[in-house]
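Note that the structure is a prediction, hence the values are computed from the model and not measured. We're numbering straight along the sequence, starting at 1.
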Amino acid sequence: MIVGLVVACEVAFWVLLAAGLAVRYLLRMPRTGLALLLCEPLLEVVLFAVTAVDLRHGAEPDWRHGLAAVYIGFTVGLGHSTIAWADARFAHRFAGGPPPVRPPRYGRARAVHEWKVAGRWILACAVALALLQAAAWYVGGDGDTGSLRAWQHRMLVVIGINLVVAAGYTLFPERERPR
C-alpha cells in the first residue's frame, strides 16, 4: 500500500505541476495556477499521515516506510527547484518568456552552482534522515528498525557523493578551452 501511495504521489506531483503551469500560462490564470502548484505539499502530508498510521497500527517498519520518508525528504529538498525548472521552460515555450538560464560551465561560477545543487540534495537527505529517525523512535525499541537504518546509511552516501562532486568543482575547476 505504501509503495502504491508513493507512486501515486509522484504521478500526482507531475500532474499538478503540468496542470498548474497550463492554467498559469495557457489559460492565463496565474492565481489559479499558483493555487494548483501550492497543492503539491498536500501530497507529502497525506503520504506522511498514511505512513504514520500504518506504523501505529503495528506494521513492521520495512523498506517501504523508508521509501516514503526518502520521497518526502526529496520532495522537500528538490521540489521547489524542480518546479522552478519546469516553470522557466514552460514560460519560454508557451508564454514568450526568456530562455531558461543555463548553469555556468566553467570556473568559480560553476563551483558555486554545484554547491547550491549539493545544498538542495543535502537538505533532501537531511529531511529524509530526520523522518527516518522519527519513524525509528515512533516504532520504539520493540520493532525491527534495520530497514530504516539502511535507508539512513543510503542518505549519508548521497550526502557524501554530493560533497565530493561540489568539492571537485571547487578544487579542480574546469577552465574554458580556447577555440
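- Between F13 and Y71 there is a side-chain heavy-atom pair separated by less than 4.5 Å.
- Here the shortest heavy-atom pairing between P61 and S147 reads O-OG, 3.2 Å.
- The nearest pair of heavy atoms linking L132 to W151 is CD1-CB, 3.6 Å.
- Atoms CH2 and CG, on W85 and L17 in that order, are 9.0 Å from each other to the nearest 0.5 Å.
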Using the side chain to side chain contact (heavy atoms under 4.5 Å, CB included) rule, take L43 and L47 through it: C-alpha gap first, then chi angles, then the decisive distance, then the call. CA-CA 6 Å; L43 300 171; L47 180 59; over 6 Å; no
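- A donor-acceptor distance shorter than 3.5 angstrom exists from the side chain of H92 to the backbone of G97, with no hydrogens or angles considered.
- The CD atom of E114 sits 4.5 Å away from the CZ atom of R110 when rounded to the nearest 0.5 Å.
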Please assess E174 against Y169 for the test side chain to side chain donor-acceptor pair (under 3.5 Å), listing each intermediate value before the final yes or no. CA-CA 7 Å; E174 188 174 345; Y169 277 98; 5.4 Å; no
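- Residues C125 and I159 share a closest heavy-atom pair of CB-CG1, 3.5 Å.
- Ring to ring, W121 and F74 are close: their centroids are under 6.0 angstrom apart.
- Contact check for L156 versus L129: side-chain heavy atoms found under the 4.5 Å cut-off.
- Here the side chain of R64 pairs no donor or acceptor atom with the backbone of I2 at under 3.5 angstrom.
- Annotation: Y138, atom OH; neighbour count of heavy atoms from other residues, nucleotides and ligands within 6.0 Å is above 12.
- Counting only heavy atoms from C-beta outward, the side chains of W14 and T82 approach each other to under 4.5 Å.
- In this structure, V112 is not a member of the same hydrophobic cluster as V117, with clusters built from ILVMFWY side-chain heavy atoms closer than 4.5 Å.
- By the neighbour-count criterion of 12 heavy atoms within 6.0 Å, atom CZ of R89 is densely surrounded, having more than that number from other residues, nucleotides or ligands.
- Salt bridge annotation for D87-R24: present, with a cationic side-chain nitrogen under 4.0 angstrom from a carboxylate oxygen.
- Atom-to-atom distance recorded for R31:CZ and L36:CG is 14.5 Å, nearest 0.5 angstrom.
- Tracing side-chain contacts under 4.5 Å through hydrophobic residues (I, L, V, M, F, W, Y), one reaches V157 starting from V165; they form part of the same cluster.
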Quick one, Q133 with R149, criterion side chain to side chain contact (heavy atoms under 4.5 Å, CB included). Give me CA distance, side-chain angles, the key distance, then yes/no. CA-CA 8 Å; Q133 187 60 47; R149 300 288 179 220; 2.8 Å; yes
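- Under the 4.5 Å side-chain heavy-atom criterion for grouping Ile, Leu, Val, Met, Phe, Trp and Tyr, L131 is connected to V158 within one hydrophobic cluster.
- With values rounded to the nearest 0.5 angstrom, E40 atom CD is found 4.5 Å from L16 atom CG.
- Taking hydrophobic clusters as Ile, Leu, Val, Met, Phe, Trp and Tyr residues chained together by side-chain heavy-atom distances below 4.5 Å, V50 does not share a cluster with L55.
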Evaluate the criterion side chain to side chain donor-acceptor pair (under 3.5 Å) for residue pair H57 and D54; output intermediate values, then yes/no. CA-CA 5 Å; H57 285 106; D54 191 42; over 6 Å; no
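- With values rounded to the nearest 0.5 angstrom, L148 atom CG is found 7.0 Å from Q152 atom CD.
- Residues D144 and E60 share a closest heavy-atom pair of N-OE1, 3.3 Å.
- Remark: T75 OG1 to H80 NE2 distance equals 14.0 Å, nearest 0.5 Å.
- Placement of M1 and V70 within a single hydrophobic cluster is found when ILVMFWY residues are connected by side-chain heavy-atom separations under 4.5 Å, directly or transitively.
- In summary, of the residues considered (L34, L37, T32), a side chain to side chain contact (heavy atoms under 4.5 Å, CB included) with V23 occurs for T32 alone.
- Heavy-atom minimum distance, L21 versus F90: O-CE2, 3.4 Å.
- Scanning all heavy atoms of the two residues, the minimum distance from I122 to L163 falls at CD1-CD2, 3.6 Å.
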